[in-house]
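Structure first, commentary second.
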Amino acid sequence: MTAVDQTITRPTPVLPRRRRNLARTLARPGWVIMTILSLATIAFVARYLAFNPDTYFREQREVYMRREFVLGVHVLSGMLALAVGPFQFVGKIRRRFLRLHRCFGVIYIASCTGLGLSGLILATTSYAGWTTSLAFGLLGLSMLFTTWIALRMVLARRMGDHRRWMIRSFSLIFAAVMLRIMSPLYELLKGAGWASASSETAYMWIAWLCWVPNLLIAVWITRRPQRAKRA
């Protein structure tokens with residue numbers, strides 16, 4: 001068999017193509033679920049903007065009443081970030097409506113900055129003690145770091161790196177969604193007799209679980225630049 005025959009008959013690898021197809025297949029329903037959950041969280045937290053103490057988290061009611069301006073900045077910033085964040089990952093918007101993408105980007109970065117800074121202030125008096133304060137404090141710092149690195153990358157026209165850091169940034173914004181999924185889930189498990197931890201202990205765990213797994217997953221899927229380009 002000649003070298004030409006060997007070249008022609010050599011089988012082509014199909015596994016990478018299957019992986020790409022699987023990623024593309026899961027991307028659309030994943031985006032839809034992410035967007036629906038983000039919008040549902042916006043609808044849930046919007047009641048805080050009425051500044052009615054009856055709607056506040058019971059254990060934090062006095063703190064929120066003393067820091068209503070910071071709370072308002074935190075809630076409004078989070079709502080804006082959750083509203084525009086998912087649409088920044090839509091390729092058609094980036095390609096066809098570049099000005100809209102940039103406008104959303106400015107809103108997102110400003111919102112993340114307000115959310116991170118106000119989160120740092122509120123973290124100092126978090127329910128359940130210093131462990132929770134540390135968790136939410138690190139969340140705020142990580143949010144600021146990833147978002148501003150993403151801004152630096154786009155200003156340097158390093159678009160692949162910009163998308164990688166934006167994915168990591170939004171994974172931290174999505175902590176607001178996970179927090180409001182995990183908290184009632186714990187109450188359901190406790191009501192069914194499947195969880196025995198106190199509410200304080202559960203909240204300490206949730207304060208970490210609502211964002212650390214998100215960030216680890218985001219770092220894993222963006223560890224290679226070519227994956228970020230397809231995101």
Side-chain angles (χ1 to χ4, degrees), residues 19-46 49 72-119 139-180 210-211 213-231:
R19 288 178 179 173
R20 288 197 296 270
N21 292 337
L22 178 61
R24 290 173 182 173
T25 300
L26 296 177
R28 181 169 297 179
W31 181 87
V32 171
I33 294 171
M34 176 184 72
T35 304
I36 291 174
L37 290 175
S38 296
L39 296 177
T41 301
I42 291 172
F44 179 81
V45 302
L49 294 180
V73 171
H74 192 70
V75 172
L76 183 59
S77 297
M79 291 172 61
L80 289 173
L82 285 173
V84 303
F87 298 97
Q88 292 297 84
F89 301 111
V90 179
K92 291 183 179 179
I93 294 179
R94 293 199 305 267
R95 292 189 296 269
R96 299 181 183 178
F97 306 99
L98 183 58
R99 289 185 179 179
L100 180 62
H101 176 71
R102 289 175 176 172
C103 180
F104 279 177
V106 171
I107 295 172
Y108 180 83
I109 291 171
S111 300
C112 289
T113 301
L115 183 63
L117 293 176
S118 59
L139 171 59
L141 289 174
S142 300
M143 190 182 303
L144 294 170
F145 177 78
T146 55
T147 303
W148 281 87
I149 288 292
L151 175 62
R152 187 169 71 87
M153 292 297 103
V154 74
L155 293 177
R157 298 188 181 278
R158 294 167 56 179
M159 298 307 178
D161 289 331
H162 168 68
R163 286 191 285 272
R164 294 171 68 197
W165 284 100
M166 284 297 286
I167 291 171
R168 296 168 184 177
S169 170
F170 190 75
S171 74
L172 297 171
I173 299 296
F174 207 71
V177 177
M178 299 307 298
L179 178 65
R180 284 155 186 86
C210 69
W211 67 274
N214 296 2
L215 181 59
L216 292 177
I217 293 171
V219 170
W220 182 77
I221 66 176
T222 61
R223 69 191 188 280
R224 296 178 182 177
Q226 60 268 30
R227 291 194 176 191
K229 292 178 182 179
R230 293 196 299 268

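Here the structure is a predicted model, which means the values were calculated and not measured. We number each residue from 1, following the sequence as shown.
- The CZ atom of Arg94 lies 6.0 Å from the NE2 atom of His101; values are rounded to the nearest 0.5 Å.
- Under the side-chain contact (heavy atoms from CB on, under 4.5 Å) test applied with Ile173, the options Leu139, Leu115, Thr147 reduce to a single match, Leu115.
- Rounding to the nearest 0.5 angstrom, the gap separating the CD1 atom in Ile221 from the CG atom in Leu216 is 11.5 Å.
- Side-chain N/O atoms of Trp211 and Ser142 include no donor and acceptor closer than 3.5 Å.
- Residue Ala218 comes nearest to Arg168 through the heavy atom pair CB-CA, 4.0 Å, listed as atom of the first residue, atom of the second, then distance.
- Between the CZ atom in Arg102 and the CD1 atom in Ile107 there is a gap of 15.0 Å [rounded to 0.5 Å].
- Across all non-hydrogen atoms, the minimal contact from Ser169 to Cys112 is OG-SG, 4.1 Å.
- Summarising the geometry of Thr146 relative to Met143, their closest heavy-atom pair is OG1-O, 3.3 Å, with the distance given to 0.1 Å.
- Not one N or O on the side chain of Arg96 forms a donor-acceptor pair closer than 3.5 Å with the backbone of Ile93.
- The backbone N or O of Thr222 lies less than 3.5 Å from a partner atom in the side chain of Arg164, making a donor-acceptor pair.
- Counting heavy atoms from C-beta outward, Phe87 and Thr35 have side chains that approach closer than 4.5 Å.
- Taking CG from Leu144 and CD1 from Ile109, the interatomic distance works out to 12.0 Å, rounded to the nearest 0.5 Å.
- Side chain of Tyr108 to main chain of Cys103: no donor-acceptor pair is present (N/O by atom type, distance under 3.5 Å, no hydrogens or angles).
- Residues His74 and Ser118 approach most closely at ND1-OG, 2.9 Å, considering heavy atoms.
- Cation-pi check for Arg28 over Trp31 is not met; the charged atom does not lie both under 6.0 angstrom from the ring centroid and within 45 degrees of its normal.
- In this structure, the side chains of Phe145 and Trp165 come closer than 4.5 Å at one or more pairs of heavy atoms.
- Heavy atoms only, all atoms of each residue included: Phe89 and Met166 are closest at CZ-O, 3.9 Å.
- The distance from atom CG of Leu215 to atom CH2 of Trp220, rounded to the nearest 0.5 Å, is 14.5 Å.
- Rounding to the nearest 0.5 Å gives a distance of 11.5 Å between OG1 of Thr41 and CD1 of Ile36.
- Residues Ser38 and Phe170 share a closest heavy-atom pair of OG-CZ, 4.0 Å.
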